[in-house]
A.B. asks: 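Mind looking over this structure? Questions follow.
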Amino acid sequence: GFDDDGPAWIGRVRFSKTGRTLYYRDKTLRRIPGGGIQGNHEDTETGEEYWVSGVKRNRAERPSAGTGPVEIDEDAREEYEGLVRKR
């Protein structure tokens with residue numbers, strides 16, 4: 001697992017019909033009811049926890065304890081920049 005300073009990404013996800021599962025890159029992430037220890041979703045194959053949230057217009061894309069760069073997927077960059085510019 002990672003801590004708050006681990007890798008972070010902004011990208012497009014797909015949701016299941018119920019909205020409890022999302023798909024990002026090669027991962028299937030299931031929502032953890034009530035939240036987990038370090039995240040709100042877990043990888044269905046490995047059990048690793050991930051924090052998944054929506055875009056923050058103030059560009060605070062990490063939990064308050066986290067630092068470090070945030071990678072933006074190229075297929076989401078233009079839309080992301082448009083969302084944060086509307087701030």
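What you see is a predicted model; the values in this text were computed from it and never measured. Any value given below was found using the heavy atoms of this structure, including those in side chains, with hydrogens, waters and symmetry copies removed.
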A.B. asks: Between Arg77 and Ile72, is there a donor-acceptor pair closer than 3.5 Å when you use the side chain of the first and the backbone of the second?
C.D. replies: yes
A.B. asks: Quick one: pull up CD1 in Ile10 and OH in Tyr80 and give me the separation to the nearest 0.5 Å.
C.D. replies: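 It comes to 4.0 Å.
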A.B. asks: Could you go through Arg12 and Glu79, starting from their C-alpha distance and side-chain angles, then the distance that decides it, and tell me whether this counts as salt bridge (Lys or Arg N to Asp or Glu O under 4.0 Å)?
C.D. replies: CA-CA 10 Å; Arg12 296 181 186 279; Glu79 185 176 5; 2.8 Å; yes
A.B. asks: Search all heavy atoms of Phe15 against all heavy atoms of Tyr23 and return the closest pair with its distance.
C.D. replies: C-CE1, 4.2 Å
A.B. asks: Take atom CD of Glu71 as the centre, draw a 6.0 Å sphere, and report whether it contains more than 12 heavy atoms from other residues, nucleotides or ligands.
C.D. replies: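 Correct, the count exceeds 12.
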A.B. asks: How long is the gap from OG1 on Thr18 to CZ on Arg30, to the nearest 0.5 Å?
C.D. replies: 11.0 Å
A.B. asks: Taking Asp43 for its side chain and Glu45 for its backbone only, find out whether a donor-acceptor pair lies under 3.5 Å.
C.D. replies: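 Yes, because the side chain of Asp43 sits within donor-acceptor range (under 3.5 Å) of the backbone of Glu45.
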A.B. asks: Taking all non-hydrogen atoms of both residues into account, name the closest pair between Gly11 and Ala76 and its distance.
C.D. replies: CA-CB, 4.0 Å
A.B. asks: Could you check Tyr50 against Tyr24 for side-chain contact (heavy atoms from CB on, under 4.5 Å), going step by step and ending with a plain yes or no?
C.D. replies: CA-CA 11 Å; Tyr50 291 85; Tyr24 176 68; over 6 Å; no
A.B. asks: Do the side chain of Glu49 and the main chain of Asn40 share a donor and acceptor less than 3.5 angstrom apart?
C.D. replies: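 No; zero donor-acceptor contacts below 3.5 Å.
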A.B. asks: Determine the sole option in Val13, Thr28, Leu22 for which the side-chain contact (heavy atoms from CB on, under 4.5 Å) test with His41 is passed.
C.D. replies: Leu22
